[in-house]
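What follows is a short report on a single structure.
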There are 4 protein chains.
Amino acid sequence: MMIIMKPGSTEVEIEHVIEQIRENGLTSHLSVGEDHTVIGAVGDTHAIATAVFEVLDGVESVIRISQPYKLASRQFHPKNSIFPLDGFTVGGDEITIIAGPCSVESREQLLETAQAVHAAGAHALRGGVFKPRTSPYTFQGLGEEGLELIAEARQVTGMPVVVEITSITQLDIMIKYVDVIQVGARNMQNFALLSALGKTKTPVLLKRGMSATIEELLMASEYILSGGNQRVMLCERGIRTFETATRNTTDINAIPVLKSLTHLPVILDPSHSTGHADYVTAVARAAIAAGADGLIIEVHPDPAHALSDGRQSLKPEKFAELVKQVGQIAEVMGRKLAPVATVLQA
Amino acid sequence: MMIIMKPGSTEVEIEHVIEQIRENGLTSHLSVGEDHTVIGAVGDTHAIATAVFEVLDGVESVIRISQPYKLASRQFHPKNSIFPLDGFTVGGDEITIIAGPCSVESREQLLETAQAVHAAGAHALRGGVFKPRTSPYTFQGLGEEGLELIAEARQVTGMPVVVEITSITQLDIMIKYVDVIQVGARNMQNFALLSALGKTKTPVLLKRGMSATIEELLMASEYILSGGNQRVMLCERGIRTFETATRNTTDINAIPVLKSLTHLPVILDPSHSTGHADYVTAVARAAIAAGADGLIIEVHPDPAHALSDGRQSLKPEKFAELVKQVGQIAEVMGRKLAPVATVLQA
Amino acid sequence: MMIIMKPGSTEVEIEHVIEQIRENGLTSHLSVGEDHTVIGAVGDTHAIATAVFEVLDGVESVIRISQPYKLASRQFHPKNSIFPLDGFTVGGDEITIIAGPCSVESREQLLETAQAVHAAGAHALRGGVFKPRTSPYTFQGLGEEGLELIAEARQVTGMPVVVEITSITQLDIMIKYVDVIQVGARNMQNFALLSALGKTKTPVLLKRGMSATIEELLMASEYILSGGNQRVMLCERGIRTFETATRNTTDINAIPVLKSLTHLPVILDPSHSTGHADYVTAVARAAIAAGADGLIIEVHPDPAHALSDGRQSLKPEKFAELVKQVGQIAEVMGRKLAPVATVLQA
Amino acid sequence: MMIIMKPGSTEVEIEHVIEQIRENGLTSHLSVGEDHTVIGAVGDTHAIATAVFEVLDGVESVIRISQPYKLASRQFHPKNSIFPLDGFTVGGDEITIIAGPCSVESREQLLETAQAVHAAGAHALRGGVFKPRTSPYTFQGLGEEGLELIAEARQVTGMPVVVEITSITQLDIMIKYVDVIQVGARNMQNFALLSALGKTKTPVLLKRGMSATIEELLMASEYILSGGNQRVMLCERGIRTFETATRNTTDINAIPVLKSLTHLPVILDPSHSTGHADYVTAVARAAIAAGADGLIIEVHPDPAHALSDGRQSLKPEKFAELVKQVGQIAEVMGRKLAPVATVLQA
């Protein structure tokens with residue numbers, strides 16, 4: 001850390017900063033400029049808040065030089081994290097496509113969608129059963145009943161399943177039914193939940209909060225990693241900006257930035273990041289071209305009667321076309337789509 | 001709701017929209033323009049998602065005309081909600097000032113701060129015991145032990161206490177110890193938590209998420225109100241923008257906008273909305289001048305050794321000056337500071 | 001336009017709205033809902049401001065249904081605008097790559113860069129001679145002297161040249177020397193400049209302002225188009241958001257959105273939209289995969305000694321690699337790179 | 001400046017940085033940390049771009065320690081800049097209120113408004129004659145004819161006049177007619193215009209761009225100041241954020257931040273920063289309570305027939321009430337409203 005002193009800071013103030021550096025187990029290093037004295041605080045600073053110095057008299061600002069995250073950092077773990085998931089791997093050469101309805105609505109809707117996305121080339125099935133809805137008056141999900149339907153769809157198609165958790169109280173039942181637990185954008189900084197997930201062995205798909213910086217996303221992953229669970233996938237799902245032509249703004253820069261900062265797999269959710277079915281395929285192609293490791297896509301057989309997010313859901317035939325195009329982009333990138341699950345019991 | 005059809009939409013498409021309107025228990029009303037046909041959906045639409053229509057073929061966009069919230073709306077409850085809190089009221093003519101440390105760190109620190117803010121004119125005591133911290137490596141709060149200290153400070157000063165909840169699992173113990181439960185910005189859309197709070201009788205201080213719109217804040221309050229708990233205070237605490245000179249951007253517009261849209265009390269947190277002790281007092285004055293019903297302020301006797309948020313904490317003497325200035329602005333507004341608690345057992 | 005009346009609006013207020021509709025040459029259409037009366041204003045509204053109705057008593061809000069732009073709209077001009085530019089076309093099947101230094105610094109630097117980007121496959125040369133710099137104390141460009149160097153580079157390589165205009169006073173000299181006049185982000189709403197460009201025949205590359213919406217970009221293009229100049233290319237160059245890991249946030253959604261709303265060619269500037277050479281190639285690939293018609297890229301033979309924007313400039317060899325990869329993505333998209341200029345006088 | 005090297009940077013890379021520091025006339029200072037070497041560049045750096053170092057191999061980032069502006073900085077000019085303007089002063093104890101219509105529309109409208117705001121207590125008259133409008137199809141202002149009307153209103157009321165310049169070509173005529181030249185948000189980084197204004201003696205009201213940081217606003221003022229014109233007033237007019245309930249978000253934090261960073265007067269424009277007449281008065285009070293030196297307010301005798309910005313214009317009687325309330329807040333702040341102009345020729 002570098003502590004920048006205000007112009008005209010006194011020797012006593014500088015002495016206090018040096019003392020605070022010492023109290024925090026670091027060593028200090030002084031550099032006197034024209035207007036500003038700068039004091040370096042040398043040592044392992046990742047667990048020390050900048051505020052410790054910012055509040056001292058005479059301090060203008062404090063700059064963190066080392067990243068505040070460790071376990072997620074590519075600096076300390078240069079190779080990609082690749083982890084297996086029921087017949088394919090995430091984070092390596094293979095591109096993973098997760099697809100399914102926003103919400104599980106009924107047995108029929110789920111099984112129809114699951115079989116359609118499986119046939120079109122999806123590798124894993126998504127489907128929400130506990131829905132975080134802005135309005136208390138709209139459909140809140142099927143709850144546990146939905147999990148049993150998800151389990152059946154898993155059985156029928158052979159695909160692993162990805163389901164969002166919305167409360168720490170759902171953790172036990174999630175672990176029982178689900179292959180990958182999704183943490184939604186609204187819970188990215190639900191630290192109690194992240195800590196609890198860190199103590200499980202279930203892979204986690206961690207979505208970026210809609211106004212979270214890339215660094216905050218990595219810090220959120222650090223909560224899970226530092227608990228002992230190393231299987232975290234990061235997901236860009238669009239950020240909130242002033243633009244209203246789309247539901248969110250896809251931060252495509254985040255793909256190469258994350259790939260350079262972290263060894264964790266990075267996937268993109270073009271359904272939420274655009275909010276409009278017409279733009280999903282273009283942005284899905286862009287994600288793979290930018291270096292993403294996978295996609296998560298909302299598909300519904302009858303978007304007009306979806307109980308949530310119909311506007312951004314693809315029909316199965318449009319999804320099949322997306323898979324084909326994404327596969328072609330993957331080849332240009334020297335990668336390939338992961339193999340599709342075969343039904344074991346068939 | 002108004003459903004705007006694309007130019008060139010067909011009669012069959014228009015018929016489908018009208019059918020969907022009927023299926024949702026509404027009546028339709030057609031208006032044919034030069035380029036666009038517009039179909040009104042008339043009836044009680046607050047529980048109907050716009051997506052129900054957006055996904056239909058030929059639909060360009062759907063515009064909600066009625067507010068999606070009801071219980072929070074001033075339209076349906078024109079008078080201010082005023083509720084009592086241990087000797088004073090919130091939401092009426094009286095201005096409420098809540099103050100205290102960001103985190104409860106020790107008995108000595110808490111009692112010293114509590115007595116100082118009480119002497120300076122605060123009406124309620126704030127203090128965090130479960131801390132939502134960006135980094136898993138920094139101080140996470142004292143937990144339940146902190147709640148007992150809070151209870152002691154309550155006893156000593158006579159002030160009601162405001163404490164943040166960070167997980168639904170803390171609800172029982174919170175209700176036991178705390179006068180007002182604070183929902184922090186990161187949990188504003190933790191809908192499971194909001195629903196649970198709606199079933200209690202404890203007043204809730206609901207903070208705006210850092211990228212939540214004013215409408216989303218009102219929808220979040222609707223989760224609590226619709227559960228049966230009518231005692232909700234809203235809190236503007238700054239939003240995230242491109243500006244980096246301050247930690248957040250205080251949305252001062254939100255004060256008159258909220259006062260016109262809702263009957264709920266509105267308070268401002270200038271400590272978080274500026275992130276810097278030097279700017280807290282100016283923005284506190286501005287809030288009251290804009291029509292806010294109260295303030296929540298971080299105060300620490302020794303900010304340099306605070307375990308969190310020291311940079312934005314006022315020293316007690318600076319806080320006393322803030323109370324004085326805010327009182328003068330209140331008078332211009334035809335209001336006055338609430339009476340300070342007297343210690344009952346003294 | 002739809003005029004939404006407040007709940008409880010009076011008959012007199014409604015009558016005033018209808019009168020205002022008539023005064024503006026439109027016809028009205030009434031729709032009475034549960035809470036709100038909605039009045040449609042039917043006719044050609046693209047030249048009527050919503051404010052005309054917003055200020056009337058009893059009006060809650062006004063919603064524009066038709067787009068406020070006409071000439072830029074795909075609705076009125078369904079086919080792509082394709083225009084020729086010295087041996088290739090922009091906006092059709094061919095992908096155009098514009099490359100060169102941020103600033104023209106010297107004859108040697110410009111010619112070396114021009115020949116390098118030409119050899120690597122660029123189709124047009126960029127180079128700034130009037131530089132809009134945040135600080136008055138940094139390099140402001142070579143001015144007219146730079147234009148003569150640009151003309152020489154044009155001669156030597158056969159490539160058309162693209163130069164930014166920063167003041168209406170430069171217009172005459174620009175038209176004399178330059179093939180495409182660039183309007184930078186900071187001048188996107190310099191309407192006096194846009195109007196003047198509308199009266200020329202020189203093609204314009206119009207960059208999106210850093211906080212301009214897509215609709216505002218289209219409205220800015222309308223200033224040029226309505227003056228009579230139909231050769232406008234739009235350029236996404238990143239928008240300003242809260243994220244600080246990159247200089248701007250590339251709004252990749254803007255590519256498919258613009259391609260659906262307008263017939264004008266759309267190109268992307270990954271140098272500015274990322275601000276970092278390490279991320280330029282990934283985002284360039286993404287742009288073409290999303291459907292962009294071209295790219296504009298900063299290249300410098302010695303970025304460490306560039307007088308501006310060195311950080312985001314590619315070295316020629318890295319640019320050559322970018323062209324190759326972009327060409328492969330173009331093929332997947334059923335497109336191909338435009339032919340490279342041959343020097344006529346050679 | 002501090003140059004942060006990447007972990008594992010080589011001695012050769014460090015040597016290159018030190019050489020670059022020397023080439024720029026600065027001295028270097030080395031500090032070796034656990035992961036990172038940090039090299040201080042000591043000397044007068046305000047005219048050196050950080051990019052000069054960012055492009056060197058092995059450099060991770062460069063941090064500017066000194067402010068990039070000098071003449072605007074309170075550090076080099078601790079006392080408030082106070083300058084006279086026709087019978088009152090701006091930037092001292094007196095609060096200045098500028099008011100008038102968005103656009104000059106007719107002689108009758110302007111004179112009626114001018115006399116009304118004068119009677120209500122305004123100190124200067126605003127009125128646009130060259131209008132920067134988003135759409136080429138809406139009213140663009142009366143142009144020079146409007147300036148003559150402005151001159152007449154000046155004569156009749158005795159108030160100095162404030163008019164926006166939208167093109168460098170209007171400069172001569174502006175200087176002839178106008179007391180304060182306003183630079184609008186869209187031209188805040190029209191550097192050619194700023195430089196030209198720096199060579200005049202006419203006071204400038206410089207509005208913050210809608211997505212400009214506070215530092216960029218100060219850098220823009222530096223263009224004018226460094227040309228020799230010291231009479232610059234800064235104006236916060238709201239920034240663009242994700243919130244749509246208001247036209248812009250008033251950055252009230254900017255008031256105390258600017259007052260601490262610069263000696264220039266700071267005024268606020270609540271008409272644009274809220275975009276809605278209902279919220280103007282509350283935010284005007286907040287501005288003065290936060291420490292602003294003045295206000296600029298849109299007033300129109302008949303907002304329903306205003307040719308621009310009617311929605312945010314106050315009627316004269318509501319403006320009179322605003323002046324009264326603002327005067328009361330000013331007193332709490334130990335300030336007072338400036339004296340109102342008396343008509344000299346009367």
Side-chain angles (χ1 to χ4, degrees), chain B residues 67 208-218 236 238-261 268 270 273-292 324-334, chain D residues 67 208-218 236 238-261 268 270 273-292 324-334:
Chain B
Q67 295 163 336
R208 181 180 183 182
M210 77 173 92
S211 68
T213 62
I214 289 172
E215 185 172 296
E216 287 169 341
L217 172 61
L218 290 168
E236 161 67 27
I239 57 174
R240 184 163 271 189
T241 69
F242 62 82
E243 177 58 67
T244 55
T246 48
R247 184 169 167 187
N248 291 292
T249 295
T250 308
D251 181 3
I252 198 81
N253 293 355
I255 305 296
V257 171
L258 281 169
K259 292 304 290 180
S260 80
L261 293 177
L268 191 130
S273 79
T274 64
H276 203 296
D278 288 352
Y279 308 132
V280 167
T281 304
V283 173
R285 288 191 311 254
I288 301 305
K324 202 184 115 203
Q325 294 182 15
V326 160
Q328 292 172 327
I329 301 279
E331 269 177 53
V332 172
M333 300 292 293
Chain D
Q67 296 162 333
R208 182 181 182 182
M210 79 173 89
S211 69
T213 62
I214 289 172
E215 186 173 294
E216 288 168 342
L217 172 60
L218 290 168
E236 163 66 27
I239 57 173
R240 185 163 271 188
T241 70
F242 61 83
E243 177 59 66
T244 54
T246 48
R247 183 169 168 187
N248 291 292
T249 296
T250 309
D251 181 3
I252 197 81
N253 293 355
I255 306 296
V257 171
L258 281 169
K259 293 303 291 179
S260 80
L261 293 178
L268 191 130
S273 78
T274 65
H276 204 297
D278 289 351
Y279 308 133
V280 167
T281 304
V283 173
R285 288 191 312 254
I288 302 304
K324 200 184 116 201
Q325 293 182 15
V326 161
Q328 292 172 327
I329 300 279
E331 266 176 56
V332 171
M333 300 292 293

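The figures that follow rest on heavy atoms only: side chains count, while hydrogens, waters and symmetry mates do not. A, B, ... follow the sequence lines: proteins, then strands. Residue 1 opens every chain.
Residue pairs meeting the salt bridge (charged side-chain N to carboxylate O under 4.0 Å, His left out) criterion with at least one member in residues 244-254 of chain B, sequence neighbours excluded, are B:R208-B:D251, B:R247-B:D309.
We find the CD1-CD1 distance between B:I329 and D:I288 to be 10.5 Å, quoted to the nearest 0.5 Å. Distance CD/D:E331 to CD/B:Q328: 11.0 Å, rounded to 0.5 Å. Atom CD in D:E216 sits 8.5 Å away from atom CD in B:E243 (nearest 0.5 Å).
Proximity to chain B is limited to the backbone of D:N248, based on heavy atoms less than 4.5 angstrom apart. Proximity to chain B (any heavy atom under 4.5 Å) is shown, for D:T244, by neither the backbone nor the side chain. When heavy atoms are compared at a cutoff of 4.5 Å, B:T246 approaches chain D solely by way of its side chain, counted from C-beta outward. Using a 4.5 Å cut-off between heavy atoms, B:V283 touches chain D through its side chain atoms alone.
Considering only heavy atoms from C-beta on, B:T241 stays 4.5 Å or farther from D:T249 through its side chain.
Between B:F242 and D:T213, the shortest heavy-atom distance links the atoms CE1-N, 3.9 Å.
The choice from B:A254, B:A286, B:A212 that makes the most heavy-atom pairs within less than 4.5 Å of chain D is B:A286.
In this structure, the side-chain contact (heavy atoms from CB on, under 4.5 Å) partners of B:A287, at least two apart in sequence or on a different chain, are B:L268, B:A292, B:L295.
At a cut-off of 3.5 Å, with distance as the only test, a side-chain donor of B:N253 or D:T250 sits close to an acceptor on the other residue.
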